[in-house]
Amino acid sequence: MLAKLNDNWGLFNPWRTMSDLHKEFLNLFDEFGEGLSRYRANYPRMTLTDGEKDIRVQFAMPGYDKHSLEVEVLSDFLNVRADRKEPKLEKDEKYLHRERSFGKFEESIKLPAKVKAGNAKAKFSNGILEIKLPKQDAEKPLSIKVAE
């Protein structure tokens, strides 16, 4: 038997409670960085690898145009923006089923080390955006003579 939504539930409304619980559950995952919203929004899948001399980031971006990609590097942050345009339908066409998403996306990644932004390289081939970021040399300690 289905219960009808009733505004006269008083302090305890089971439908509102379930809705609030659902929101809290999703927010719990959002607090862990990527969160569920990244996967619900069909963001490009990403791989981040940390090598001895460089950091490599790859995005699977089929259907994106090379000219819509923007990559920015600053110290230990990487920002990637892109836009995938929705194809135009003919006047007599309509979607029967659609699983692909379209529109803009932006990803900001905190890198595991500082990088040489001026030496970063990005290439886009076969729907894969690959970014190579050479690491900065580790700073050596500087000895300071203490004056009396």
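What you see below is based on every heavy atom in this structure, not just the backbone, and it leaves out hydrogens, waters and symmetry mates.
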Considering residues at least two apart in sequence or located in another chain, which fulfil the salt bridge (Lys or Arg N to Asp or Glu O under 4.0 Å) criterion with Lys85?
->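 Expected list: Asp83.
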Got a sec, which pairs hit salt bridge (Lys or Arg N to Asp or Glu O under 4.0 Å) with one end in residues 62-80, sequence neighbours left out?
->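 The answer is Glu70-Arg81, Glu72-Arg81, Asp76-Lys110.
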Contacts of [X] that satisfy side-chain contact (heavy atoms from CB on, under 4.5 Å) - sequence neighbours left out:
| X | answer |
| --- | --- |
| Leu89 | Glu93, Tyr95 |
| Phe102 | Arg84, Glu86, Pro87, Arg98, Arg100 |
| Ala120 | Val73, Leu133 |
| Ser143 | none |

Testing Ile131, Asn79, Val57 for side chain to side chain contact (heavy atoms under 4.5 Å, CB included) with Ile109, which one passes?
->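 Looking at Ile131, Asn79, Val57, the match for Ile109 under the side chain to side chain contact (heavy atoms under 4.5 Å, CB included) is Val57.
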Hey, can you pull the donor-acceptor pairs under 3.5 Å for the side chains in residues 46-55, sequence neighbours left out?
from  : atom 1 : to     : atom 2 : distance (Å)
Thr49 : OG1    : Arg56  : O      : 3.4
Asp50 : OD1    : Lys135 : NZ     : 2.6

How would you list all residue pairs meeting side-chain hydrogen bond (donor to acceptor under 3.5 Å, both in side chains) that involve residues 112-129, not counting sequence neighbours?
-> none
Side chain to side chain contact (heavy atoms under 4.5 Å, CB included) between Leu111 and Phe77, worked out | CA-CA 6 Å; Leu111 300 170; Phe77 278 93; 6.0 Å; no
Just how far is it from atom CZ of Phe105 to atom CE of Met61, taken to the nearest 0.5 Å?
-> 4.0 Å
Rounded to the nearest 0.5 Å, how far does CZ of Phe59 lie from CD of Glu107?
-> 5.5 Å
So, for Ala60 and Pro44, which heavy atoms are closest and what is the spacing to 0.1 Å?
-> O-CB, 3.2 Å
